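Below is one structure, written out as structure tokens; the observations come after it.
These numbers come from the heavy atoms of this one structure, side chains and all, not from hydrogens, waters or symmetry mates. Bear in mind the structure is a predicted one, so any value in this text is a computation, not a measurement. Each residue takes its place number in the sequence, starting with 1.
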Amino acid sequence: LAPITFQAPSATIDATDPLDRTLATEAVFSARSPELAIDGRGLQAELDRGLLELAHEGKVELRRAAGEPARFESTGAGPMQVRRGAAESDPVVLEAWEGVRLTLTEGTAGTLTARHVALRARTEADGELAIERLDADGEVDWDSGDTDLQGARLAADFDPEGRITLARLE
């Protein structure tokens, strides 16, 4: 997730172990990277593991050079995670529990709501994140213009332009 910049009125940084640095705040915060804009209240970050856990009111935007960003927002009381493996080529995973809204503005545009959503995105050559996989369960509702679908679970794969190539709704 690096490089990433955090802003909060107060935070605790623990660099006792240089291979396991953490940052924590209970306050409202914002974090910015070239790919993501992250906002929320309450944060536990395991910086060297590439894990951010947002306690409340989590909102993540997948930034785009042109057009509107995709938005991933907590709608309930549950936590949200933003994570990436050790390598920059590893996918970014956004996952939230107890209520989530995902708004897509490019490719297959629409809004998804569900109790739990996990979204996986890869960094493209131009530096932008491209969504490649979406898994949702619990009161799934997909609204895309003329199409409104409901079910218990949704699994969808995306092409690099953000269009759904394969989806299964149960």
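Ile131 places a side-chain heavy atom less than 4.5 Å from the side chain of Leu62. Inter-residue side-chain proximity for Ile164 and Asp157 is flagged as unmet; no heavy-atom pair is nearer than 4.5 Å. The side-chain heavy atoms of Trp142 and Leu104, taken from C-beta on, include a pair separated by under 4.5 Å. Contact check for Phe72 versus Val100: side-chain heavy atoms found under the 4.5 Å cut-off. The side-chain heavy atoms of Phe6 and Ser30, taken from C-beta on, include no pair separated by under 4.5 Å. Here the side chains of Leu52 and Leu43 are in contact, with some heavy-atom distance below 4.5 Å.
Applying the side chain to side chain donor-acceptor pair (under 3.5 Å) test to Arg163 and every residue at least two apart in sequence or in another chain returns Asp159, Glu161. Glu124 meets the side chain to side chain donor-acceptor pair (under 3.5 Å) test with no other residue; sequence neighbours excluded. Residues forming a side chain to side chain donor-acceptor pair (under 3.5 Å) with Thr123 (at least two apart in sequence, or on another chain): Glu35, Arg84.
At distances below 3.5 Å, not a single donor-acceptor pair connects side-chain atoms of Ser33 with backbone N or O atoms of Pro3. Side-chain atoms of Thr25 never come within 3.5 Å of backbone atoms of Gly42 as a donor-acceptor pair (strictly under, hydrogens ignored). A donor-acceptor pair is defined here as one N or O able to donate and one able to accept, closer than 3.5 Å; such a pair exists between the side chain of Thr105 and the backbone of Glu68. With hydrogens and angles ignored, the 3.5 Å screen pairs no side-chain donor or acceptor of Asp20 with any backbone N or O of Asp17.
The two residues Ala37 and Arg63 come nearest to each other via the heavy atoms CB-NE, 3.8 Å. The heavy-atom pair separating Phe158 from Arg133 by the smallest distance is CD1-N, 4.2 Å. Taking each heavy atom of Ala27 and Ser10 in turn, the nearest pair found is CB-O, 4.4 Å. Across Ser144 and Ala109, no two heavy atoms sit closer than the pair OG-O, 2.6 Å. In plain terms, the two heavy atoms of Arg122 and Glu132 that are nearest each other are CG-OE1, 3.0 Å.
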List the steps, then state whether side-chain contact (heavy atoms from CB on, under 4.5 Å) holds for Thr12 with Leu23.
-> CA-CA 6 Å; Thr12 302; Leu23 180 143; over 6 Å; no

So Val60 and Met80, side-chain contact (heavy atoms from CB on, under 4.5 Å) or not? Walk me through it.
-> CA-CA 9 Å; Val60 179; Met80 176 186 292; 3.7 Å; yes

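A salt bridge does not link Asp137 to Arg153: none of the charged side-chain nitrogens sits closer than 4.0 Å to a carboxylate oxygen. Remark: Lys59 engages Glu61 in a salt bridge, criterion side-chain N to carboxylate O under 4.0 Å. Under 4.0 Å is where a charged nitrogen must lie from a carboxylate oxygen, and between Arg32 and Asp39 at least one such pair does.
Between atom NE2 of residue His116 and atom CG of residue Asp135 there is a gap of 8.5 Å, rounded to the nearest 0.5 Å. Taking CG from Leu19 and CZ from Arg49, the interatomic distance works out to 10.5 Å, rounded to the nearest 0.5 Å. Atom CG in Leu102 sits 5.5 Å away from atom CG in Leu112 (nearest 0.5 Å). Between the CD atom of Glu57 and the CD atom of Glu73 there is a distance of 11.5 Å, given to the nearest 0.5 Å. One finds the CZ atom of Arg115 at 13.0 Å from the CH2 atom of Trp97 (value rounded to the nearest 0.5 Å). To the nearest 0.5 Å, atom CG of residue Asp141 and atom OG1 of residue Thr113 are 4.5 Å apart.
Under a hydrophobic-cluster definition in which Ile, Leu, Val, Met, Phe, Trp and Tyr are linked whenever side-chain heavy atoms come within less than 4.5 Å, directly or via other members, Val117 and Leu51 are assigned to different clusters.
Taking a 6.0 Å sphere around CD of Glu46, one finds it holds more than 12 heavy atoms contributed by other residues, nucleotides or ligands.
Side chains of Glu95 and Gln81: no donor on one and acceptor on the other come within 3.5 Å.
When each of Leu36, Ile38, Val82 is checked for a side-chain contact (heavy atoms from CB on, under 4.5 Å) with Ile4, only Ile38 meets the rule.
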